[in-house]
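One structure is given below, encoded as C-alpha cells.
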Amino acid sequence: MAEAHSAVAFSFSITHEGWDVNFDREVLHLVWQSGIRSWKKRFFRFVNNLRSGVYPASLESLWFTIALVTAIHFAGYKVPYDLVEKAAPYLSGSSILAHLAGSFIVGLFLWLIVIYIMRYILKLLLMYKGWMYESREKRSNASRVTKLWSTLVKLFFGWHKPMLYSFQGSLPRLPLPLVENTMKRYLRSVRPLLDDKNYSRMETLANEFQRGIGVKLQRYLILKSWWATNYVSDWWEEYVYLRGRSPIMVNSNFYGIDAILMYPTHVQVARAASVIYSCLQYRRLIERQELEPILIQGLVPLCSWQYERLFNTTRVPGLETDKIVHYQDSKHIVVYHKGKYFKVLIYHKSRILQACEIEIQMQQILDDKSEPSEGEEKLAALTAGERTAWAIAREEFFSKGVNKASLDLIEKAAFIVALDDVPYVYDPEDPDKLDQYGRILLHGKGYDRWFDKSFTLCIGSNGRTGFNAEHSWADAAVMSHMWEYVISQEITNREADAPIMGSLWEYVIANDVEMGYKEDGYNKGVPEFTPPPPVRLQWDLNPKCIAAIEESNQVAQNLLNDVELRIYVHDAYGKGFMKVNSMSPDAYIQMALQLAYFRDSGKFNLTYEASMTRLFREGRTETVRPCTIESTNWVKAMESKNTTVETKYDLLMAAAKQHQKGYQDAMCGKGIDRHLFCLYVVSKYLEVDSPFLKEVLSEPWKLSTSQTPHGQTSLINLKKHPNCISAGGGFGPVADDGYGVSYIIAGENLIFFHISCKRNSPETNAARFAKQIEKALADMKNLFLERKKLQTQKNGST
C-alpha cells in the first residue's frame, strides 16, 4: 500500500515527551495548489456566467453607464426623473459620497433595464421561425419579413463575440401545440399504415380523446409549459432514459468511430495521449465558455445546455430510477487495460499535462505486468446488465471501504479510457472488419467499457480510436461536436491552421505546446518533468459480489451476441448528386430507406427519425415520421412496371417536400410524438386511462433512423481536408424485429450507413438490408438520369 502512505500530508502522535508532528511539505504544497486552482476556476466561472447572463450587452457597458450617469449628474443635468438626487438622502456618508453611491445605483438600475429590454427583444426575434420554411440556397428570394428579421438579429450579434452560454437567457421556450393540431398530424402520419377499417377506428379514438380527457390533460401541460423552462425535457430524460430497467448497453448507449480515411499514427499510446489531450482542451473551452455556440445560417443559436454534463458525469443506478450525477471538476481520468483500472492525474502545477507527458503515463499502464484482482476484469459488466441488479450490487458491495473509494474515483473521473488489446481495422476489401470495428465500440466484450460514464474513449492496439457514450445526459449531436473537434486536431499544425484555432491556439502558443506526431509515430514535444505515475485502483470483491458480476456479464453476453451490425460504405455518389437534383440530402436518404425497407419486409411501418429542438431552451429531440402518404405513393410507383418515369419523379419530389416540411415542423415545436408522450405522462399521474394514448405509445418503431451531424466546428476546412471526418456512429435496434440505421453524409461522394438488428429475429438481416439500401440508392440515381435523358430528348425534338 505504498500509494496510501505517499498520500499522507501530515501525521501526529503522542509520546511521553509530548507531541510528535510530521508533515510532507511537497504534499501540502500540492494541496495548496489544488485549492488555488479550484478557487480560480470558481472565480472565472462566476465572471463568465455574468458575461453570458448580460448578453447581448457586456460588463464593460455597465461601467460606461455608471460613468455617464455620474458625469451627467455632477455636470448639473438631471438624470431621468432626477433619480440620483432622490436616492442620495437615503444613503449614509458625506454629500459627495452619497451622490456617488446614488449615481452607481441609478446607473446599475438603468443598465439592468436596458439589458432586460434587449434580451426580451432578442427572444422575440428568435421566436420567429418563418425563415425555416424558406429556401436556404436562395437567400435573395427570402420574404421581406425574413430579410428584416435577419437584419435585426445581426444588429444584436454585432456587439461582441458570444460565449457558449450567451444565448441561453434569450432562447424562447418550446411551444405547446394544440391537441387538435397534434391529432390532425398524427392521423395523417398513420393513414398509409392502416386499412380503411382500422383507420376509421383510430380516427374515432382520436376524436374522443380530443373532445374528452385530452382537454383536461392539455390544461396541466399548459400550466407546466408556463412554469417549466421546457415542458418535455425533464420528463423525457426521466421516463425514457433513467427509469428504464433494461441494460443500457446496446439498448441506449451509442458509439462513434474514427476518421477511418486517415491514419495519423499506429502507436497506441501516442494516439491515446493525443486524443485525451484534445478532450481535455475541449473541456477547458466549455469550462471557460470559449467554445463557439452553434449558429444555424450564422444567425440562429442552438441551446448549449447539454454541454454542461459532457465531462465529469456519470449515471448512478437506482432500484426504480437512475440519476445523473455531475461534478464541477475532476483532476483525473481512469484508464482500463487488460482487466485493470488506473487513476491517471491530468494536471501539474495548474496546467494540463501535454500529450507527450500523458504518453508516458499510457506507456506505464501498458508496461504494467500485474494481474487483475479476482473479479476486477469483468467488473464493468455490472454497468452493462440490468439496472436494478446493478443498483442492489452497488449498495451491498460498493457502499464502503476500498470498493467505495475506487468506485468514487471512476464515477468522479473526467471520463474513462479503454486501452484495448485488439486492433481496430478498416479494410475496403473486407467489410466484415469494419463491422467488427463498430461492434467493439458499441459493446466491446461486454465488460471492458464503463457504460455509466458520459463517454468512454476506446483506443485500439493499432492506434485507431472511437468512443462509447451514455445517452441520458445529452443527445448524439453534442458528442459528435466534441468528436469532430478531437479529429480536427489530428491535422492541426502551426503553418496551416494557426489563424483559425482561436482560444486553443492561444493556449498552445502561450504554453509552448508542440502538437502532432513525429516520424516514428510518437507525440512531438519534450516532457518538462516526469508526470505522476498511474495508480492501480484497489478492489475487495467477495464471492457474492463476483457472482453478481458474473450474472450481469451473462446478461451482457446474451445481448451483445444477439446484435448484428453492418457498416455500409456508399461511395457511388453522395450529397453532390442530390443537391444537383434539387433534393435535400436528408430527404433523399430517408426516401431511399423507405424504398429499401419496403423491399426488405414487403410492407410499410412506423419510421422514427430524430430531429433536434435545440432552437428552444433546453430542447432535446423530436420525432420526424418519414413514412408518409407521399412516400408510400412513391415507393409503390417505383415497384410498379406501369408507372412512367415522369410520374415517379413527381411523386418523389412531392414525398421529399412533405418530408422536409415534417422535419421543419419538428424543429419548430410542431411535432407529434413529444406532445403525445407528455399527455401520456400526465394521464399516468392522474391515474386516468386513455385507450388512444395507450395504443399510440405502444406502437413499435420498426425502422429507427438518425443522421449524424458534422460541420459543427469551424476549426477545419473539410473541403481542404475531406478525409478529416468521422465515419459516423451507430446504435442498437429499438424493436426486436426492427432495424436501427444511423448515417453520416461524409462528402460529395461518400455516405456511411450503420445498420443494426437482432440475430434472433427471422424478419431482419443487417447485411441484406444494406444491399437493399445500395439498390434503392442506385435506382433513385437511375430515375434522375432517365428523366434527364427524357428531358434532353424532349427539348431536342422541339
Side-chain angles (χ1 to χ4, degrees), residues 192-193 250-251 254-255 257 428 430-439 441-443 559-574 585-610 624-628 631-632 634-636 638-639 655 659 700-708 727-746 750-783:
L193 304 175
V250 174
N251 294 325
F254 59 95
Y255 70 90
I257 206 166
D430 187 356
D432 290 340
K433 292 182 179 178
L434 186 57
D435 298 343
Q436 182 59 24
Y437 189 166
R439 288 177 61 89
L441 298 176
L442 177 61
H443 50 65
L559 182 57
L560 68 87
N561 288 329
D562 193 30
V563 175
E564 181 187 1
L565 179 69
R566 169 53 57 95
I567 303 178
Y568 166 51
V569 183
H570 179 80
D571 55 5
Y573 65 95
D586 182 72
Y588 191 105
I589 292 176
Q590 285 294 333
M591 294 307 104
L593 291 175
Q594 287 300 306
L595 181 57
Y597 185 83
F598 183 80
R599 288 172 172 174
D600 184 79
S601 65
K603 57 185 177 182
F604 297 106
N605 256 311
L606 270 180
T607 304
Y608 181 108
E609 181 187 6
V624 183
R625 297 184 167 216
C627 185
T628 61
S631 69
T632 55
W634 170 70
V635 169
K636 291 174 184 176
M638 289 294 289
E639 296 299 276
H659 177 79
W701 300 97
K702 296 293 186 71
L703 180 58
S704 183
T705 71
S706 178
Q707 180 182 176
T708 303
F731 51 87
V734 174
D736 289 339
D737 56 350
Y739 293 106
V741 181
S742 177
Y743 54 92
I744 181 170
I745 306 170
L750 186 62
I751 308 169
F752 292 97
F753 291 90
H754 299 249
I755 307 159
S756 65
C757 67
K758 296 289 183 71
R759 296 184 188 274
N760 64 11
S761 171
E763 299 178 24
T764 56
N765 182 288
R768 184 185 72 208
F769 193 57
K771 290 292 184 182
Q772 293 290 9
I773 293 174
E774 181 180 21
K775 185 176 186 303
L777 289 170
D779 289 347
M780 290 176 72
K781 181 178 182 179
N782 289 335
L783 174 61

Residues passing the side chain to side chain donor-acceptor pair (under 3.5 Å) test with T705, sequence neighbours excluded, are Q590
Can you name the residues that form a side chain to side chain donor-acceptor pair (under 3.5 Å) with K775, not counting sequence neighbours? D779
Is the backbone of A778 close enough, under 3.5 Å, to the side chain of N782 for a donor and an acceptor to pair up by distance? yes
Min side-chain heavy-atom separation I589-I773 under 4.5 Å: no
Residues which pass side chain to side chain contact (heavy atoms under 4.5 Å, CB included) with D432, listed by chain and number, not counting sequence neighbours: D430, D435, R566
Evaluate the side-chain proximity of F753 to V741: yes if any heavy-atom separation is below 4.5 Å, no if none is. yes
Which residues share a salt bridge (charged side-chain N to carboxylate O under 4.0 Å, His left out) with K758, sequence neighbours left out: D736
Find out whether T628 and F604 are in side-chain contact, i.e. whether some heavy atom of one side chain is under 4.5 Å from a heavy atom of the other. no
Can you list the residues that meet the side chain to side chain donor-acceptor pair (under 3.5 Å) rule with Q436, with sequence neighbours excluded? none
Are more than 12 heavy atoms, taken from residues, nucleotides or ligands other than K771, located less than 6.0 Å from that residue's NZ atom? no
Walk me through it: do C627 and L606 pass the test side chain to side chain contact (heavy atoms under 4.5 Å, CB included)? CA-CA 6 Å; C627 185; L606 270 180; over 6 Å; no
Enumerate the salt bridge (Lys or Arg N to Asp or Glu O under 4.0 Å) contacts for residues 601-610, please, sequence neighbours excluded, ordered by first and then second residue. none
So, R599 side chain and E639 main chain: donor-acceptor pair closer than 3.5 Å or not? no
The ring-ring contact (aromatic ring centres under 6.0 Å, His included) partners of Y437 (sequence neighbours excluded) come to Y424
Student check: side-chain heavy atoms of F254 and L442 closer than 4.5 Å: no
Over all atoms of both residues, closest heavy-atom pair of F731 and S742: CE2-CB, 3.7 Å
So do L593 and Y743 actually touch side chain to side chain, heavy atoms under 4.5 Å? yes
Should L434 and Y568 count as side-chain neighbours, where that means a heavy-atom distance under 4.5 Å? no
Heavy-atom pair with the smallest gap, counting every atom of G732 and S756: C-OG, 3.3 Å
In terms of the angle between their ring planes, are F769 and Y739 parallel, tilted or perpendicular, with boundaries placed at 30° and 60°? parallel
Give a yes or no answer on whether the side chain of H659 reaches the backbone of S631 with a donor-acceptor pair at less than 3.5 Å. no
Side chain to side chain donor-acceptor pair (under 3.5 Å) involving T607 - partner list, sequence neighbours excluded: Q594
Under the side chain to side chain contact (heavy atoms under 4.5 Å, CB included) test, which residues partner E564, sequence neighbours left out? C757, R759, N765, A766, A767
Report the residues that fulfil side chain to side chain contact (heavy atoms under 4.5 Å, CB included) with A592, sequence neighbours left out, ordered by chain and then residue number. A776, L777, M780
Are the side chain of D562 and the backbone N or O of N760 linked by a donor-acceptor pair below 3.5 Å? yes
Between the CG atom in D586 and the CD1 atom in I745, the distance rounded to the nearest 0.5 Å is 6.5 Å
Any L703 side-chain heavy atom under 4.5 Å of V734 side chain: no
Could you tell me whether the side chain of V563 reaches within less than 4.5 Å of the side chain of R439, counting heavy atoms only? yes
Sorted by chain and residue number, the side chain to side chain contact (heavy atoms under 4.5 Å, CB included) partners of D737 (sequence neighbours excluded) come out as K702, A735, S761, E763
Just checking Y255 against H443, ring centres under 6.0 Å apart? no
State, without any angle test, whether Q772 and D600 hold a side-chain donor-acceptor pair at a distance under 3.5 Å. no
Where do A727 and I257 come nearest, in terms of heavy atoms and distance? CB-CG2, 3.1 Å
Distance (rounded to the nearest 0.5 Å) between K636 NZ and L595 CG: 13.5 Å
Please enumerate all residues that pass ring-ring contact (aromatic ring centres under 6.0 Å, His included) together with F752, with sequence neighbours excluded. none
